[in-house]
Structures are given as structure tokens and as C-alpha cells.
There are 2 protein chains.
Amino acid sequence: MKDVATAAGVALKTVSRVVNGEPGVHPATAERVRAAIDRLGYSRNESARVLRSGRTATIGLVIEDVADPFYSGLSRAVEGVVIGHGCLLLSGSSGEEPGRERELVETFCARRVDGLIMVPAGDDHTYLWAELETGTPVVFADRPPGSGIDVDTVLTDNAGGAALAVRHLLGHGHHRIAFLGDDPEIYTAAERLRGYRAALGGLFDERLVWMGPPSPDPVRAALDGMFTLESPPTALFTGNGRYTVTTLRALAGRRVALVGFDDFELADLLDPAVSTVAQDPSWMGRVAAELLFRRLRGDTGRPEHIELPVRLIPRGSGELPPPPR
Amino acid sequence: MKDVATAAGVALKTVSRVVNGEPGVHPATAERVRAAIDRLGYSRNESARVLRSGRTATIGLVIEDVADPFYSGLSRAVEGVVIGHGCLLLSGSSGEEPGRERELVETFCARRVDGLIMVPAGDDHTYLWAELETGTPVVFADRPPGSGIDVDTVLTDNAGGAALAVRHLLGHGHHRIAFLGDDPEIYTAAERLRGYRAALGGLFDERLVWMGPPSPDPVRAALDGMFTLESPPTALFTGNGRYTVTTLRALAGRRVALVGFDDFELADLLDPAVSTVAQDPSWMGRVAAELLFRRLRGDTGRPEHIELPVRLIPRGSGELPPPPR
DNA sequence: TTGAAAGCGCTAACAT
DNA sequence: ATGTTAGCGCTTTCAA
């Protein structure tokens, strides 16, 4: 900046004004400065600007895994809003590990992000206290913060979506509906189980519930176990997109009624086409990011707790009737 | 840092030493400092560190779209390597717009990233000259840089993969093999067309080639046109994952032999299961990132041009015989 | 083993 | 409309 000033025959501050588009610079002077900038290939050092001004124009995003379509969709939406506000996005994947989540958050905070959006992996977020006190806004997405923290949160109506799926299957004559989902330690899985159970009421049978990681072998074993019960399931409700796919593979062509939580590409091309309870990851990302920027603009209202609705997309698999007895 | 120093009764420099794990601090002193750090909830201001030291420990990644599984897989792999080197990843999507690509690169450079990995959207990268001269290493992935720039590059064997697909279909008795792919302005699309054409030799017929954006209506129209030819195609080769899916939808159940470039989840569950030419996005990401860190470690050898092999995964659709005449 | 001082490149506050 | 000065929080350099 000093060199540009010398080259343009002005003071350093004038260059700063031009670079920042501040008013009160004579057009001709500004032009001279811009010419010097181009000639010297100058570009402002953001670290220095941040150090002085305290504003980084950076938002941190912690998700579970960029390679998961749900989170990459969410990322893309967050990125869009962030860019639209002239900011840059730092992002990282926790891989469902609380320690990694915390490391990422601490790294982002050390870089003085203006705000943070996170899909938590752990359930203890008291380590955020210090940062929250300095005024950095934090928005939780997809899963709520652990106890002791109350900030803006954007969730999906998980229980409602699960109930929707179960009622849909009940409506098509099923009484034995199994649930396969993630470990209930994961918030969304627990909520979906809750909705499933509530909608089933007296029909609930714990032998038709299996929760664990969505790996092929355990899922196949679980299904085999259920199908050899005296009164086997006639319909399945799968707790997320990965589960749906793993389950479909394990079924190996057997035609069983199925509704899956999470929509996925190609659901319409399978045979039967797969009925799903669809969340909208872009919507969640957009809402979370907008909530964050509202805080950055100075909104100090009470924390918002938004629950996004889901919709059931009937495509065939969820409308299969129970087999005749 | 000053406050921590005061609290611990040492000089500021000693705190700096402890924070950076520099040697030459008495264990007891270090312990006092660490206690003060915890008590005060201190975390180092990275901007100040960067300003002074010049090293940001940050890598920039420009891709086409995080929400595309190919690029999200690549991102995840890059992130892994970057984190493993104690750095942070800045990433952004160009959305296939050269202007946006350049903006992202400039933003990253203004933030003084230590290095850059990019999937270019445009074909003029002379704007990188200034940055390259300052010693910032740049690695191109998936597509090569425009002329005038020679840096490390990691590509897929696009032409070879296309030829593999075509030879596979020829081997199953097809003579009329259509190609549907992106606009040849996109490097990978042009290369795949080249491989397709080379493998077909005299059988090449430009009426069986359609290139454009992978939108449902145009693709359906193109297919309809080809299938009403006097001598219609008996097999299709689709130029990327999105194309494969769009084409499958447009086929609406018609059984036509098909091999798609890019593997995708669920390819095995469709009927017929889809044969693909599989690239490995994670591998590409890892190789690109490792190339970058090699440069950051000071390797000044000539630019590397790596071409990753692909493999054909036969699943059924590529092995369908031509219909009897 | 520890500390003091200089200064990275910029912007805020205050002149002129 | 333009310039001057101080200082953001840290690392580097040099000294004790």
C-alpha cells in the first residue's frame, strides 16, 4: 500500500480509501491510484485488515461430512448466502467425532470467524461459552446444542416426519412396521424413533427395531432376524438416506413395502420407486445462514428455534400392500 | 497475550514461546503460562500471527460445485490431507463460471493462502501469473490450465476411459453407439468425445453424438431423434454421472445397452444395473493435495502432469446385447 | 532460559 | 479532499 501511494504520489491513507471504496476521494486521484494498483499488481493483505478492523468477513461451518449429499447440499446453500454477504466460508467435517468438532470450532475461533454454523457431533458445547461471550453468533443446524447452551437452532421435524411415514404405511394396511436407523445417541435418529413409536402406539414391538451403524452385514443380519420372526414385518421404515440404500441392497430384490427418511437421487428410478420423507438440506442451510447474518446485523432477540417441515413423496415402495396371508 | 504474560508474571515473548511450543522454556514456567491461558480463555489471534509471520497455514480450493458428488468426494480428500498438515481449507464453488473462479482465486490470494488447488471453469489463467511469481504453488485438478501456464496437474484418463467404454460395447456386438455428453468446451467432455471417436474409428457417425447441458428435455429430444434414425443406436455412452442419470430417466425403462462415465451410488441397484467407467475423486483430491504440499516443502522440480487411470465396472447395462434385427 | 524492542500492513481517529 | 499518527496482536531479532 505504501508502494502504491508512492507510485501514485499520494498518501497511504488515500490508497486505503480507494481500495475500500470510501467516499471523499477526487475521481482523478482515485484513477491514478487504481492505475498504480494495477501496475504494481497490488492486492490488499486481508490479515492486516482483519487485525486492525477486527472484522474477518469469514463464517465457519462445521458439518459431519462434505461427501454426504445432505451436508454437501447444506454447504452449498450456506456458501451461497455467505458469498452474497461478501464473506468467505471456512468449512470442515467432524466425521461425527466430538473431539474433531471441537478442534474445528477452536481453529475457526482462532481465525476470528465472524460467526459459526455447526452440525454438532458431540453433546457438550459448554466450550462455546467463552466465544459466545465475546459476541460471536453461533447457529446450530440439524441437531440441537447440548444442555447449557441456548442459541439459534434450525432442525427438521424429525419425529413428525417419522410419524408421517408410519401413518402412511398403516394407511396401506401394514401392522408390522420395522424401523432401521442410526444409533439413538444421534439426535435425529432418536427423534425419528420417537415419532415412529408414537405413531405406532400399541403396535410398537421392540423386536422390529434395529439401530446401529448402516453397514451392510449388520443390517442384513437384522433383517434376516426380523423376517424369521413368527410375525415378520410387512413394511420397513428406514431412518436416513444411507440406511435406505443399505436396506435396499440387503433386501436384494425382495419386494417389501418401504418408506425412507431423506430423499435421494434415483429414488424414482429404482423398482419399485422408493417413497421417501424428504428434508430440504438447501433450505436448512439457507435458513441457518440467514439467521446468522441477522445476528451479525445486531439482532439480539431471544434465540430462535426453527423446525422445518418435511413432506412425504409417494413413489411406489411405500404403497405396496402387505402380502396376502 | 499481554494479559496472559502479566497474569503468569512473565514476558510476552515467553507466552509466545509456550503457545508455539518453542523450546527453551522452563517446564514450570510453561505450566504457569498454560494455567494463565486456561484461566483467561486466551486463544491466539491468527490474523496477527499471519501478518507477522507471513504463513497462513491455509489452502484454497476452487471446485465447480460442492453439491456434486464428484467434487464433494474430491473436497473431502483434499480436506483430509490439508488437515493432516495442520492447515485449514478455504473452499468455494465456481458454478462453472470463469468470472466466479477468478473472484474466488483473488479472494483466496488476498487472504494469502499458502497454496491453491483448482478445478478451472475458464480457460484463461494468465491472471495467476502474479501469484505464481510470488511463489504460491498452484495445482490444477480434473482439468488442465489454459495456455501460458504450466503447473502441477492431476487429470483423469478421460479419452482412455471413453475408449474403454466404447470398446466394451463394441465387444458386445454393438456397432451403433451414441454419445451424450457436456458441451465440448468443457475439457473433460472434449476428451471423452475424442476417446469415443478414436475407439469407434470408421463407425463414427456424428448423428449419434449430442452434446449440451444435461437437462431432461433436450436429452429426451436428442434421444428421440436418434431412435427415429433409419439406423438407430443400440447402445449409449454417457459422458458423466449427471448425464447417465438424465439419460436413464429419459429412457423411461426402455432397455438399451449403456455405459456411463463416472460411477455413482445405486448404479448396482437399478435394473439393469449400470455399467460405468469409474474415476476416483478421492484419489484425485489426495494426489493434488500431496503434490501441493510437496511444493510447499520446497520441491522446485518441473511441473508434474499426472493422469489417473479409470476402470470399467460391468454391472449389466453395458453387457446387454443389441436387439435382434 | 528469558526479555525488550521493532515492525508486519493495514484502518481509526484525528488533523489539515 | 487529503494527510499524519497510533496501534491492532503477534513474531522476529537481538540482547541479557
Exercise. What is the distance from CG of Asp3(A) to C1' of dC8(C), rounded to the nearest Å?
Worked result: 14 Å
For this session: Calculate the interatomic distance between Leu51(B) atom CG and dG7(C) atom P; express it in whole Å.
Result: 14 Å
Exercise. Will you find, in the side chains of Thr156(B) and Asn158(B), an N or O donor that is under 3.5 Å from an N or O acceptor?
Worked result: no
For this session: Starting from C1' on dT2(C), measure out to CZ on Arg32(B) and report it in whole angstrom.
Result: 11 Å
Exercise. Does a side chain donor of either Asp152(A) or His305(A) reach within less than 3.5 Å of an acceptor in the other side chain?
Worked result: no
Problem set entry | Closest-nucleotide 5' rank along DNA chain C - winner of Arg112(B) and Val10(B) | Val10(B)
Problem set entry | Proximity to the side chain of Thr29(B) - top-ranked nucleotide from dT2(D), dT2(C), dC10(C) | dT2(C)
Exercise. Heavy atoms under 4.0 Å, any strand shown: does Ser47(B) hit a base, just sugar-phosphate, or nothing?
Worked result: nothing
Atom pairs under 3.5 Å, N or O on each side, protein against nucleotides 11-14 of chain D: can you list them with distances?
from    : atom 1 : to       : atom 2 : distance (Å)
dT11(D) : OP1    : Asn20(B) : OD1    : 3.4
dT11(D) : OP1    : Asn20(B) : ND2    : 3.3
dT11(D) : OP1    : Arg44(B) : NH1    : 3.2
dT11(D) : OP2    : Ser16(B) : OG     : 2.9
dT11(D) : OP2    : Asn20(B) : ND2    : 3.4
dT11(D) : O2     : Arg52(B) : NH1    : 3.0

Exercise. Are Arg242(A) and Asp68(A) close enough for a salt bridge, meaning some N to O gap below 4.0 Å?
Worked result: yes
Exercise. When you check the side-chain N and O atoms of Ser43(A) and Arg112(B), is any donor under 3.5 Å from an acceptor?
Worked result: yes
Exercise. Looking at residues at least two apart in the chain, or sitting in another chain, which of them share a salt bridge (Lys or Arg N to Asp or Glu O under 4.0 Å) with Glu31(B)?
Worked result: Arg34(B)
For this session: Could you tell me whether the side chains of Glu64(A) and Ser94(A) share a donor-acceptor contact shorter than 3.5 Å?
Result: no
Exercise. Expressed in angstrom and rounded to an integer, what is the separation of Asn45(A) atom CG from dG9(D) atom P?
Worked result: 17 Å
